[in-house]
Amino acid sequence: MAEEHKHEESIMEKIAEKIHGHDDGSSSSSSDSDDDKKSASLKTKIYRLFGREQPLHKVFGGGKPADIFLWRNKKVSGGVLGAATVSWILFELLEYNLLTLFGHISILALAVLFLWSSATTFIHKSPPHIPEVHIPEEVVLELASGLRIEINRGFTVLRDIASGRDLKKFLLVIAGLWVLSKLGSSCNFLTLIYIATVLLFTIPVLYEKYEDKVDDFGEKAMREIKKQYVEFDVKVLSKVMSKIPKGAFYKKKD
């Protein structure tokens with residue numbers, strides 16, 4: 001009996017050792033897999049322009065507007081860009097007036113449809129099918145929502161700049177407004193809108209196509225810009241800010 005009891009204890013000890021060894025192996029393998037996942041996540045985390053973390057399609061709000069800007073539907077995108085080009089040629093190059101153009105097109109379209117509908121009663125043919133045109137509510141709401149978000153974001157940035165919290169943003173906005181004023185003096189508002197439309201329909205789709213190369217170049221450029229800004233801050237801005245007396249506008253009244 002004693003020998004059988006010892007034999008059973010030895011068997012139980014072997015089973016326990018196997019179980020512990022399997023647990024140690026699984027825990028080590030799980031820890032190795034966790035380390036691999038962490039290293040993989042660090043490797044896959046690459047630089048994106050302007051700190052972008054979402055795909056470009058979502059940055060544009062998703063839905064139909066993003067499909068148009070990124071040429072997901074080439075017919076619609078080409079039609080919108082073509083309409084913008086024709087409008088710019090008519091109003092800028094040919095110096096056509098908007099109200100005159102609208103009136104002439106409306107007169108021509110209504111006259112053709114009226115004569116066609118009237119002629120069908122004499123030639124015994126079916127009248128032309130005039131479709132019901134309406135603007136989808138979903139598209140208008142998406143555009144209005146995106147525009148509202150961007151306007152509110154712009155107001156927030158302007159408020160932060162006006163409060164004097166960020167000198168860097170202040171200088172960037174001043175530079176941007178100066179460039180905008182120079183563009184406005186060289187071309188009129190319609191041409192500026194057309195240029196912005198062409199850029200909006202070309203730059204995002206080209207960036208999406210060559211995203212990795214552009215992001216790599218942008219990372220190097222941002223490093224150089226930050227380096228130059230630090231030098232400018234140390235040599236110029238810090239000296240200018242040190243000469244401005246604190247509380248100069250809050251003198252006590254006699």
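As the structure is a computational prediction, the values presented were derived from the model and not from experiment.
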Open item on the list: In the structure I gave you, are the side-chain heavy atoms of Val76 and Trp71 within less than 4.5 Å of one another anywhere?
Closed with: no
- [ ] Apply side chain to side chain donor-acceptor pair (under 3.5 Å) to Ser185 and list each qualifying residue two or more places apart in sequence or on a separate chain.
- [x] none
Open item on the list: Can you tell me how far apart CG (Leu90) and OG1 (Thr100) are? Round to the nearest 0.5 Å.
Closed with: 12.0 Å
TODO: Please collect all side-chain hydrogen bond (donor to acceptor under 3.5 Å, both in side chains) contacts where either partner lies in residues 72-83, sequence neighbours excluded, each pair once.
DONE: Arg72-Glu208
Task: For Lys227, all residues meeting side chain to side chain contact (heavy atoms under 4.5 Å, CB included), sequence neighbours excluded - done: Glu224, Glu231
TODO: Check which hydrophobic residues are tied to Ile193 through side-chain heavy-atom contacts below 4.5 Å, counting indirect links as well, and list them.
DONE: Phe189
Open item on the list: Check whether Ser117 reaches the backbone of Leu113 with its side chain - one donor and one acceptor, N or O, closer than 3.5 Å.
Closed with: yes
Task: No-hydrogen, no-angle side-chain donor-acceptor test under 3.5 Å, Ser163 and Asp160 - done: no
Open item on the list: Starting from Phe217, can I reach Ile225 by hopping between I/L/V/M/F/W/Y residues whose side chains sit under 4.5 Å apart?
Closed with: no
Task: For Ile203, the rest of its hydrophobic cluster, which grows through side-chain links under 4.5 angstrom - done: Ile195, Leu199
TODO: Treating Ile, Leu, Val, Met, Phe, Trp and Tyr as nodes and any side-chain heavy-atom pair under 4.5 angstrom as an edge, say whether Leu94 and Val86 lie in one connected cluster.
DONE: yes
Task: Sequence-distant partners of Phe69, ring pair (Phe, Tyr, Trp, His ring centres under 6.0 Å), two or more places apart - done: Phe60, Phe201
Open item on the list: Through direct or indirect side-chain contacts below 4.5 angstrom among Ile, Leu, Val, Met, Phe, Trp and Tyr, which residues connect to Leu172?
Closed with: none
TODO: First locate atom CG of Leu70, then atom NE2 of His57, and finally report the distance between them rounded to the nearest 0.5 Å.
DONE: 6.0 Å
Open item on the list: Going by the rule salt bridge (Lys or Arg N to Asp or Glu O under 4.0 Å), which residues pair with Asp67 if we only count those two or more places apart in sequence or in a different chain?
Closed with: none
- [ ] Please identify each residue that fulfils side chain to side chain donor-acceptor pair (under 3.5 Å) with Glu95, with sequence neighbours left out.
- [x] none
Side-chain donor-acceptor distances from residues 134-156 under 3.5 Å, at least two apart:
from, atom 1, to, atom 2, distance (Å)
Asn152, ND2, Arg148, O, 3.2
Thr156, OG1, Asn152, O, 2.9

Open item on the list: Hydrophobic clusters here meaning ILVMFWY residues chained together by side-chain heavy-atom distances under 4.5 Å, can you tell me if Leu81 and Leu93 are in one?
Closed with: yes
Open item on the list: Tell me whether Leu177 shares a hydrophobic cluster with Phe170, the cluster being built from Ile, Leu, Val, Met, Phe, Trp, Tyr side chains joined at under 4.5 Å.
Closed with: yes
TODO: List, by chain and number, the other hydrophobic cluster members for Val179, where Ile, Leu, Val, Met, Phe, Trp and Tyr join if side-chain heavy atoms come within less than 4.5 Å, directly or indirectly.
DONE: Trp178, Leu180, Leu183, Leu192
Task: Pairs flagged by ring-ring contact (aromatic ring centres under 6.0 Å, His included) wherever residues 75-112 is involved - sequence neighbours left out - done: Trp88-Tyr194
